K.L.:
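Provided herewith is a single structure, encoded as structure tokens, for subsequent inquiry.
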2 protein chains.
Amino acid sequence: MVGIEEVAAAAGVSTATVSRAIRGLPRVSPATRARILAKAEELGYVPSSAASRLATGKTRTVGVLAPYVDRWFFGKAIAGVDRELHGRGYNLSLFNLGGRSAPRERLFSRSMVHKQIDALLLLCMYLYPEEVEDLHEIDMPLVVVGGPVAGIATVGIDDYQAARTITEHLIGLGHRHIALLHGSDDLELNFSVPKIRVEGFHDAVHAADLEIDPDAVFFGNFTVASGAEALRRFLTLPEPRPTAMVCASDEMALGVLFEARRHGLRVPEDLSIVGIDGHEMGACAGLTTVWQDPTGQARRGTQMLLAELGGEVGAVHSEVAEQRLVVRETTAPPAAF
Amino acid sequence: MVGIEEVAAAAGVSTATVSRAIRGLPRVSPATRARILAKAEELGYVPSSAASRLATGKTRTVGVLAPYVDRWFFGKAIAGVDRELHGRGYNLSLFNLGGRSAPRERLFSRSMVHKQIDALLLLCMYLYPEEVEDLHEIDMPLVVVGGPVAGIATVGIDDYQAARTITEHLIGLGHRHIALLHGSDDLELNFSVPKIRVEGFHDAVHAADLEIDPDAVFFGNFTVASGAEALRRFLTLPEPRPTAMVCASDEMALGVLFEARRHGLRVPEDLSIVGIDGHEMGACAGLTTVWQDPTGQARRGTQMLLAELGGEVGAVHSEVAEQRLVVRETTAPPAAF
DNA sequence: TTGAAAGCGCTAACAC
DNA sequence: GTGTTAGCGCTTTCAA
């Protein structure tokens, strides 16, 4: 393993000069720099990241905390973080909290995160109050993508507006009796996102002078399977049933859609279905939804983190991300309309 | 930032003893150990990973190289790696190669991976010949999950058998004219997986004394959208069209399924559709498939890596993962049968 | 069982 | 523009 000393010796300079040359710092003459770079290349020199971490105190690594990595939003977001990071020579250290839900097992302000990363990006997740406290005590750039956490800068869509938009779309079509499938208070996920979306739904319904049928409010956990399950419960409702269902995510909406078809319900004639997200699968299945771009949101968050690390104080700040109603084939006026 | 010296001072011992105590090494009396641990806890001491990396030469980090992170197989696999790693105090450093396909930009044996990780897990991807060479030169435990790479230990299903099984299922049902949708030679993906799956298909067809209709062989890139696109091309075939289609992945099969329904084709009456993977979405949509478990495969691969790092020479080895035909609702005998 | 001290390989003042 | 040198915070012989 060739070290900086060997390069220095080969190039006939000191290690300090090699260090400057390799890192592109000023105060090295073009000629020496070229000679050093050539020798380094020739010897196959790669700086020891451990040594430079120790010497500089910087890890050039950002941590990503995610409740899941195998779900749409998270996979997309992680891809976004990676894109920004590796392009600029930063490393991505992934922490998947899935499964380990007891707060004592997730202590991230301690050993996990501490001293291993320069900045932290949180992906929309439920946090225990004590964890939020821990977070505030972490002395490094911090941003959350996908769902608000009190007191921390957030990049994400306006969830209230998303739910409201999609509900109003249905009302505009003439639906008066609308079912809701929202995310449960899954301990793995940020508590506020489901709650906020429900508020948007409520307000839209009430603003149209309609009522919410408590029996037509279902809970899911953001998976397709939970959507299918919800549709089965929907079928047990006495007629006349709601003519539309708003789902808090596309994955759940797709579950509802599949199961509806399986049971012979016609979509949208018998039941209009809407989701939130913009999942590719939804596009192919013709699902009406509110589109959002998790990759872009994560890139934005990462850029802020990097800017802050670059000395730009105040670079990290909350930002509302783009969303767009995409009307496709799962919504139509109710049959009786 | 409290360091080992402060703990040593507080406990009235040397830093060497603190180091041993903290890491659970022998040669520390129970009493001193307890005292040290207590002080460390009290002072909120967290060892500097940078310093210990430098001193030991070990990073306690394993690298994961993936061509994508936002696709089913990869998300599942990454979750599996994470699970094994963090449980044992290892870190996961993620490298997403998506997008950067030019070989010169992905040199992973150099700076990227070098000296930053103790072991490397590759997720099924296409590799340039020179990259395979680089890989062989890397002097650390190495395993690939999901698709064979010449000369490197692999954990994954028997792709040939998967394709053959699914095709024989169709033939057993009475189908004589079967279309194929396979993965293209996408430069991001391991070249061999699509190829091997095609062979399984071919052999099954020929073994039944049937012919392959070259016009009924489509290419996709493993996305839903490419499945939908393939179905559209399928519809341009002159009648009588194939009565079944085998797809190299569930995501593509779902695309075919959605698009078939949109065009009024009845599945499975007019067209039987099968996939490979065991995607949750497929389960809900009733898709017949060959199930596999990427999470489990990745866990297995990670365990091997960790065992090897633990000194168990030969722990890393190729292993064939479990697969299972799951017959659901998208397959049936052809209508005319 | 414990301690002293020499590194691990690089960076950052500061001097030249 | 370049070199000297003292760390960065931990681990690891080797002695005691």
Side-chain angles (χ1 to χ4, degrees), chain A residues 1-40 43-61 89 91 110-111 114-118 309 311, chain B residues 1-40 43-61 89 91 110-111 114-118 309 311:
Chain A
M1 211 99 300
V2 26
I4 200 172
E5 302 228 29
E6 281 136 284
V7 179
V13 294
S14 72
T15 61
T17 305
V18 173
S19 180
R20 293 188 202 104
I22 298 279
R23 291 180 299 155
L25 296 185
R27 304 178 158 235
V28 179
S29 78
T32 357
R33 187 186 303 275
R35 186 154 37 92
I36 292 172
L37 260 24
K39 281 296 176 196
L43 298 174
Y45 169 67
V46 179
S48 151
S49 66
S52 81
R53 284 179 185 212
L54 182 55
T56 60
K58 269 85 183 63
T59 62
R60 288 196 76 80
T61 295
N91 278 118
R110 289 262 193 245
S111 46
H114 216 44
K115 295 186 179 174
Q116 309 243 62
I117 58 180
D118 294 337
L309 288 176
Chain B
M1 209 100 298
V2 27
I4 199 172
E5 300 227 31
E6 281 136 283
V7 179
V13 294
S14 72
T15 61
T17 305
V18 174
S19 178
R20 294 188 199 103
I22 298 279
R23 290 180 300 154
L25 296 184
R27 305 179 157 234
V28 180
S29 77
T32 13
R33 186 186 303 276
R35 186 154 36 89
I36 292 171
L37 259 25
K39 282 296 176 196
L43 298 175
Y45 170 66
V46 179
S48 149
S49 66
S52 80
R53 284 179 184 212
L54 182 56
T56 61
K58 270 86 180 62
T59 63
R60 288 196 77 78
T61 295
N91 278 116
R110 288 260 193 248
S111 47
H114 215 44
K115 294 186 178 172
Q116 309 244 60
I117 58 179
D118 294 338
L309 287 177

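Hydrogens, waters and symmetry mates are skipped; everything else that's a heavy atom, side chains included, is used. What you see is a predicted model, and the numbers here were worked out from it, not measured in a lab. Order of the sequence lines fixes the chain letters, A, B, ..., with proteins taken first and strands second; residue numbering starts at 1 for each chain.
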K.L.:
When you match B:R33 and A:S49 each to their closest nucleotide on DNA chain C, which lands nearer the 5' end?
P.N.:
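Closest to the 5' end, via its nearest nucleotide, is B:R33.
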
K.L.:
Looking only at the side chain of A:S29 (C-beta and beyond, no hydrogens), which of the listed nucleotides D:dT2, C:dT2, D:dG9 gets closest?
P.N.:
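Of all the options, the side chain of A:S29 is nearest to D:dT2.
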
K.L.:
When we call it a touch if two heavy atoms are under 4.0 Å apart, what does A:V18 touch: a base, just sugar-phosphate, or nothing?
P.N.:
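Nothing, no heavy atom under 4.0 Å.
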
K.L.:
If you look at every strand shown and take non-hydrogen atoms under 4.0 Å, does A:P26 touch a base, only sugar-phosphate, or nothing?
P.N.:
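A:P26: no heavy atom of the nucleic acid under 4.0 Å.
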
K.L.:
May I ask you to evaluate whether A:R23 reaches the phosphate of C:dA12, defined as a side-chain N or O under 4.0 Å from OP1 or OP2?
P.N.:
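Yes, such a contact exists.
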
K.L.:
For the side chain of A:R27, counting heavy atoms from C-beta on, which of D:dC10, D:dT2, C:dA4 is nearest?
P.N.:
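The listed nucleotide nearest to A:R27's side chain is D:dT2.
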
K.L.:
Would you confirm whether B:R33, through its side chain, and B:L25, through its main-chain N or O, come within 3.5 Å as a donor-acceptor pair?
P.N.:
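A pair under 3.5 Å: yes.
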
K.L.:
Do any side-chain nitrogens or oxygens of A:S19 fall under 4.0 Å of OP1 or OP2 in C:dT11?
P.N.:
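It does, given that an N or O in the side chain of A:S19 lies less than 4.0 Å from OP1 or OP2 of C:dT11.
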
K.L.:
Report the distance from atom CZ of B:R53 to atom OG of A:S48, rounding to the nearest 0.5 Å.
P.N.:
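Going from CZ on B:R53 over to OG on A:S48, the span is 9.5 Å.
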
K.L.:
If you compare every side-chain N and O of B:T32 against the phosphate oxygens of C:dT2 (OP1, OP2), does one of them come in below 4.0 Å?
P.N.:
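For C:dT2, OP1/OP2 do have a side-chain N/O of B:T32 under 4.0 Å.
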
K.L.:
So do A:T32 and A:R35 actually touch side chain to side chain, heavy atoms under 4.5 Å?
P.N.:
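They are in side-chain contact.
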
K.L.:
Nearest to the side chain of A:A55, heavy atoms from C-beta on, is which of D:dT2, C:dT11, C:dA5?
P.N.:
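Of D:dT2, C:dT11, C:dA5, C:dT11 is nearest to the side chain of A:A55.
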
K.L.:
Whole angstroms only, please: what is the CD1-P distance between B:I22 and D:dG9?
P.N.:
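Checked: the CD1 to P distance equals 16 Å.
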
K.L.:
Rounded to whole Å, please give me the gap between CD1 in A:I4 and C1' in D:dT5.
P.N.:
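Roughly 14 Å, once rounded to whole Å.
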
K.L.:
Would you kindly give the CZ-to-C1' distance between A:R53 and C:dT11, to the nearest whole Å?
P.N.:
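Computing the A:R53:CZ to C:dT11:C1' distance gives 15 Å.
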
K.L.:
I'd like to know if the side chain of A:T56 reaches the main chain of A:S52, judged simply by a donor and an acceptor atom lying under 3.5 Å from each other, with no hydrogens or angles considered.
P.N.:
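Side chain of A:T56 to backbone of A:S52: a pair is present.
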
K.L.:
Closer than 4.0 Å, any side-chain N/O of B:S14 to the OP1 or OP2 of C:dT2?
P.N.:
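B:S14 to C:dT2 OP1/OP2: no side-chain N or O under 4.0 Å.
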
K.L.:
Calculate the interatomic distance between B:E5 atom CD and C:dA4 atom C1'; express it in whole Å.
P.N.:
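So the CD-C1' distance, B:E5 to C:dA4, works out to 12 Å.
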
K.L.:
For B:S48 and for A:T15, find the nucleotide of DNA chain D with the closest heavy atom, then tell me which residue's nucleotide is more 5'.
P.N.:
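Result of the comparison: A:T15.
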
K.L.:
Rounded off to whole Å, could you give me the CG-to-P distance for the A:L54 and C:dC8 pair?
P.N.:
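Taking atom P of C:dC8 as the reference, CG of A:L54 is at 13 Å.
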
K.L.:
Indicate yes or no: at least one non-hydrogen side-chain atom of B:T61 is less than 4.5 angstrom from one of A:Q116.
P.N.:
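A side-chain contact under 4.5 Å is absent here.
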
K.L.:
Rounded off to whole Å, could you give me the CD-to-P distance for the A:E6 and C:dC8 pair?
P.N.:
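Taking CD of A:E6 and P of C:dC8, I get 12 Å after rounding.
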
K.L.:
Which residue, A:A51 or A:R20, contacts DNA chain C at a nucleotide closer to its 5' end, judged by nearest heavy atom?
P.N.:
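With A:A51 and A:R20 compared, the 5'-side residue is A:A51.
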
